[in-house]
Amino acid sequence: TLTNRYGDVAIRTNYEGGANVIIGDASTGENITTGGDNVVIGKGISAITGDNNVYVGAGAGGSNASAGGVVAVGFGALGGGTNNQRCVAVGMQTLSGNGDTTNSTAFGHQAGKATTTGEENAFFGYTSGDTNTTGDKNVTLGSGADVSTANAQNQIAIGHNVTSTGDNQTVIGNSDQTHVVFGGSALISGSSTSTGSFGHIMVGGNNFTTAVSSSAAASGFGTGGGGG
């Protein structure tokens, strides 16, 4: 163990666990007894005992006594919970809720901050997904993009300050958006209902309704109401 003259910075290669690298204050990594292959850099990361983890930043992974396969980079990232598994949290206080999330990813300042037991979520952007606590399988992409409720299920929100409208629903673009363009030979399929006033959809440079009518005419189908 190497320490500075004041005793408040320590560099260690191991405690009682195997192949751990520990850099921080006197308390950093102090509870590692059986855990191995951890990299711990930062002040106040004292609780961890798990394996195959990377913690960088003051308080990163602070309470995770038995986490496995997690990466936490940033002040307080993954700072709550005791048993987070296979998560990646990059940014100040990302995924820092007091619970044990699994298979979740967050990038950006306070992205997914409140998530506790929610699983398999992906939050990207400043405060993205910060409403979620126990929700699962959600995706938010964009600064301020968010789910609609704390227990959101399978929601997708893409865009600046976009909020999903409910479980199993997708919202692309905020209320300022007036134009959606799909390049190439776009195919829109499935059973769906269009709601709201969102301008018009372009396919291959043409208005979607015009493209559909042209395709129908080329195939020998009329667009009128007559039957045959």
Side-chain angles (χ1 to χ4, degrees), residues 53 61 64 67-74 76-203 208:
N53 303 295
N64 279 268
V70 305
V71 176
V73 179
L78 274 176
T82 59
N83 190 31
N84 291 299
Q85 299 291 318
R86 299 176 300 278
C87 295
V88 177
V90 179
M92 177 179 174
Q93 296 179 328
T94 49
L95 293 179
S96 59
N98 186 22
D100 301 319
T101 184
T102 302
N103 301 331
S104 291
T105 302
F107 282 78
H109 178 86
Q110 295 185 340
K113 177 183 177 181
T115 296
T116 54
T117 58
E119 299 181 352
E120 299 180 352
N121 297 292
F123 306 124
F124 299 90
Y126 171 78
T127 70
S128 181
D130 63 349
T131 292
N132 189 71
T133 58
T134 58
D136 308 307
K137 304 176 180 66
N138 301 294
V139 177
T140 59
L141 175 59
S143 177
D146 208 354
V147 295
S148 63
T149 63
N151 188 37
Q153 299 294 318
N154 197 35
Q155 298 187 14
I156 299 175
I158 300 175
H160 180 263
N161 282 337
V162 170
T163 299
S164 178
T165 50
D167 291 349
N168 303 308
Q169 296 183 26
T170 299
V171 177
I172 301 176
N174 58 33
S175 59
D176 294 332
Q177 295 289 310
T178 60
H179 206 96
V180 179
V181 178
F182 295 90
S185 300
L187 173 64
I188 299 176
S189 61
S191 176
S192 62
T193 300
S194 172
T195 61
S197 175
F198 56 83
H200 58 281
I201 298 176
M202 303 293 291
V203 177
F208 177 67

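Only a predicted model underlies this, so the values are computations on that prediction, with no experimental measurement involved.
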Between the main-chain N or O of [Y] and the side-chain N or O of [X], is there a donor-acceptor pair closer than 3.5 Å?
| X | Y | value |
| --- | --- | --- |
| Thr116 | Thr133 | yes |
| Asn121 | Ser104 | no |
| Asn83 | Asp100 | no |

Residue pair Asp130, Phe123: steps toward the side chain to side chain contact (heavy atoms under 4.5 Å, CB included) verdict: CA-CA 9 Å; Asp130 63 349; Phe123 306 124; over 6 Å; no
[X]: which residues meet the side-chain contact (heavy atoms from CB on, under 4.5 Å) condition with it, sequence neighbours left out?
| X | value |
| --- | --- |
| Asn103 | Arg86, Glu120 |
| Ser143 | Tyr126, His160 |
| Thr94 | Ala77, Ala89, Ala106, Ala111 |
| Val70 | Asn53, Tyr55, Ala67, Leu78, Asn84, Cys87 |

Rounded to the nearest 0.5 Å, what separates atom OG1 in Thr163 from atom CG in Asn174?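 If I round to the nearest 0.5 Å, the distance is 10.0 Å.
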Measure the CG-CG distance between Asn161 and Asp146 for me, rounded to the nearest 0.5 Å.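 Reported to 0.5 Å precision, the distance equals 9.5 Å.
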For [X], side-chain hydrogen bond (donor to acceptor under 3.5 Å, both in side chains) partners two or more places apart:
| X | result |
| --- | --- |
| Asn168 | Asn154 |
| Asn98 | none |
| Thr134 | Asn151 |
| Gln155 | Ser148, Ser164, Asp167 |

Pairs in or reaching into residues 135-156: which pass ring-ring contact (aromatic ring centres under 6.0 Å, His included), with residues at least two apart or in two chains?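 Found none.
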Consider side-chain hydrogen bond (donor to acceptor under 3.5 Å, both in side chains). Of Thr131, Asn138, Asn132, which one does Thr115 pass it with?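 Going through the options one by one, the only one that passes is Asn132.
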Suppose the criterion is salt bridge (Lys or Arg N to Asp or Glu O under 4.0 Å): which pairs have a residue in residues 149-166, not counting sequence neighbours?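 Passing the test, one end in residues 149-166: no pairs.
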